[in-house]
Amino acid sequence: MKLHFIETFERWTRVEWLLAAIAVALLVGAALPWYTMPADTLAAFGTSLWVPLVLRVLPLIAAVYVVRMLVLPSNGAQRRRFRMFLWAAMPIAFLFPFIVATLS
């Protein structure tokens, strides 16, 4: 008798494995402070890194959505909302340096 959790892994296709890898990457990116600047540079430009600290919440939210979509059964409407969230979050990821420079 196998555990339900293991049976779920056995049914995953490449898409589910890719989503799981994305969730892990999002969690690692949110946990590690990857965007840093020297204190002298921050003082010279009169800025702080409060924007990256606030935006670290978005990968956590996205990772929770990904894990939820992988583990719990979902219908078409939930999948569309999930895709819309990820598409809306993509410009934030692409424009991250611009957002930091503008809002800090």
**Request:** Apply side chain to side chain contact (heavy atoms under 4.5 Å, CB included) to A77 and list each qualifying residue two or more places apart in sequence or on a separate chain.
**Result:** N75, R80
**Prompt:** Who pairs with T13 by side-chain hydrogen bond (donor to acceptor under 3.5 Å, both in side chains), at least two apart in sequence or on another chain?
**Reply:** E16
**Prompt:** Residues two or more places apart in sequence or in another chain: which of them pass side chain to side chain contact (heavy atoms under 4.5 Å, CB included) with A20?
**Reply:** W12, L70
**Request:** Could you tell me which residues satisfy side chain to side chain contact (heavy atoms under 4.5 Å, CB included) with I61, sequence neighbours excluded, listed by chain and number?
**Result:** V57, Y65, F85
